[in-house]
Amino acid sequence: MRCQTARKRISDELDGGLPAGGGVRLEAHLRTCRACRAYREDLERIQAGTRLPEAPAGYWAAFERKLEARLAAENPGRKRVEVPFAARRRWAWAAAAVLVLAGFSLWYVLPRPVPVMTEAWIPYDDILDPIVRAVESDPELAGRIDRELQASIEEMSPVAEADAAGLSAADPFFWESLSDDELRAIVTALEKESGLGGPQ
Amino acid sequence: MDERPEASLVEDARQGGQEAFAELVRRHERRVRGIALRMAGNAADADDLAQEVFLTAWKAVGSFRSGSSFYTWLYRIAVNTSLSFLKKKSRERNRAPFDENLSGAVPGRAAPPGPERRSALNELTARIDEAVAALPAHFRASFALVVDQGLSHAAAARVLGCSENTVSWRMHKARKLLQARLKPFLEEARP
């Protein structure tokens with residue numbers, strides 16, 4: 001137990017308000033802490049020395065007579081009785097509300113850093129420039145690169161060159177992109193080719 | 001003769017029964033004056049305050065809700081009346097020109113008189129009163145209710161309209177202030 005906690009408990013103990021079990025831990029602390037023991041002795045001495053003076057003899061009779069005379073002039077009423085320190089508490093609540101509002105307003109009003117999309121930038125131009133210059137200055141190298149490129153294109157789409165018409169005919173977008181006249185022309189050509197067009 | 005129950009006296013007082021209210025005054029006058037004395041710090045002001053408290057209670061007794069505790073309500077009036085008085089007094093003191101002869105009378109500021117005037121113990125009692133009078137008003141109100149009137153923290157909290165924990169903290173802080181202020185006198189009075 002820390003001294004700060006022990007001293008709070010000593011105060012509670014003097015008022016008869018020590019929570020259950022608090023006394024045992026407090027006593028354990030006091031056995032080892034001389035400063036807190038001295039503090040408790042001081043508080044006990046203050047508590048013992050605190051006493052309100054008694055009113056002198058005959059005081060209360062005079063007090064009641066005086067009050068009786070004043071009460072006779074007044075009627076019992078319904079005046080509102082406020083809680084002590086209520087005004088101070090109202091101010092405290094109002095101040096807290098203002099602070100919270102100000103906090104929220106600031107949060108909305110103050111400019112915050114906008115998140116920026118960052119992407120890795122690779123300076124391709126710097127890398128490609130010397131290659132392009134080397135290829136342009138050497139026709140043989142350029143020819144080899146062309147062949148390599150052509151071969152890799154053919155490798156990726158082997159039928160592209162071989163049967164472009166077939167691919168186009170199989171592609172539904174090819175047919176959708178044709179106009180009515182073009183479609184009619186194709187139909188006529190096919191009928192002629194197959195001999196199904198009827199008598200000419 | 002059996003004492004009339006307090007609830008019955010309060011009900012009569014609510015209907016305008018002055019005799020019933022006088023009996024309530026007799027039952028609570030010492031405690032009310034005790035609170036006033038602790039808050040005001042001197043007997044003359046405490047007497048006026050105690051009169052004022054009962055007058056206010058009489059004017060407001062119609063608004064007292066039966067079922068709640070009469071003493072809580074009455075002590076609440078006592079604390080409120082004392083606070084208003086202190087506020088008014090503080091305003092007047094601020095307006096008054098500074099008087100060097102009075103500055104020594106501020107609680108806790110006067111030089112300790114020699115041993116020939118008072119025994120160490122009486123000296124300590126007087127110093128305690130001065131030190132309590134110098135506490136902040138909300139600490140003093142808690143002190144008056146808990147130490148002088150023997151109320152529990154819970155009962156004092158009901159009078160002051162705050163939590164039990166708040167009263168407990170105020171008492172702790174008040175005692176820390178008192179101990180710090182009275183340290184030299186406590187050393188002197190040590191057996």
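Predicted model only: the values in this text are computed from it and were never measured. Quick note on labels: first sequence line is chain A, next is B, and so on, each numbered from 1.
Contacts between B/Leu178 and chain A at a heavy-atom distance below 4.5 Å involve backbone atoms as well as side-chain atoms. With a 4.5 angstrom heavy-atom cutoff, B/Ser168 touches chain A via backbone and side-chain atoms both. Only the side chain of B/His153 comes within less than 4.5 Å of a heavy atom in chain A; its backbone stays farther off. For a residue to count as touching a neighbouring chain, one of its non-hydrogen atoms must lie under 4.5 Å from one of that chain's; by this rule B/Ala141 touches chain A with the side chain only. Neither the backbone nor the side chain of A/Arg9 comes within contact range of chain B, judged by heavy atoms closer than 4.5 Å. Looking at B/Glu29, both its backbone and its side chain come within 4.5 Å of chain A, counting heavy atoms on both sides. Proximity to chain B is limited to the side chain of A/Leu43, based on heavy atoms less than 4.5 angstrom apart. With a 4.5 angstrom heavy-atom cutoff, A/Ala72 touches chain B via backbone and side-chain atoms both. Both the backbone and the side chain of B/Leu55 come within contact range of chain A, with heavy atoms under 4.5 Å apart.
Ranked by heavy-atom pairs under 4.5 Å with chain A, the list B/Val25, B/Asp47, B/Val132 is led by B/Asp47. No other option in B/Met171, B/Gln18, B/His138, B/Arg38 has as many heavy-atom pairs under 4.5 Å with chain A as B/His138. Ranked by heavy-atom pairs under 4.5 Å with chain A, the list B/Ser84, B/Gly150, B/Ala50 is led by B/Ala50. Among the candidates B/Val146, B/Leu83, B/Val79, the residue making the largest number of heavy-atom pairs closer than 4.5 Å to chain A is B/Leu83.
In the hydrophobic clustering of this structure, A/Ile10 does not group with B/Trp169; members are Ile, Leu, Val, Met, Phe, Trp, Tyr whose side-chain heavy atoms approach within less than 4.5 Å, directly or through other members. Residues A/Leu14 and A/Leu30 share a single hydrophobic cluster, defined by chaining ILVMFWY side chains whose heavy atoms lie under 4.5 Å apart.
B/Thr166 places no side-chain N or O within donor-acceptor distance of the main-chain N or O of B/Cys162, the cut-off being under 3.5 Å.
Below 30°, between 30° and 60°, or above 60°: for B/Trp73 and B/Phe70 the angle between ring planes is between 30° and 60°, a tilted geometry.
Salt bridge absent: B/Glu164 and B/Arg158 never bring a charged side-chain N and a carboxylate O closer than 4.0 Å. In summary, A/Asp181 and A/Arg184 engage in a salt bridge, as defined by a charged side-chain N under 4.0 Å from a carboxylate O. With salt bridges taken as basic N to acidic carboxylate O contacts below 4.0 Å, one links B/Asp12 and B/Arg4. A salt bridge does not link A/Asp138 to A/Arg133: none of the charged nitrogens lies less than 4.0 Å from a carboxylate oxygen.
Counted by atom type alone, B/Glu23 and B/His28 present zero donor-acceptor pairs between their side chains at under 3.5 Å.
When the shell of 6.0 Å around NZ of B/Lys89 is examined, it contains more than 12 heavy atoms from other residues, nucleotides or ligands.
Inspection of non-hydrogen atoms places A/Tyr59, A/Trp60, A/Phe63, A/Glu64, A/Lys66 of residues 58-66 of chain A under 4.5 Å from chain B.
You'll find the side chain of B/Phe85 stays beyond 4.5 Å of the side chain of B/Met39, heavy atoms only.
Taking Ile, Leu, Val, Met, Phe, Trp and Tyr as members and joining any whose side-chain heavy atoms lie under 4.5 Å apart, directly or through other members, the hydrophobic cluster of B/Leu37 also contains A/Leu52.
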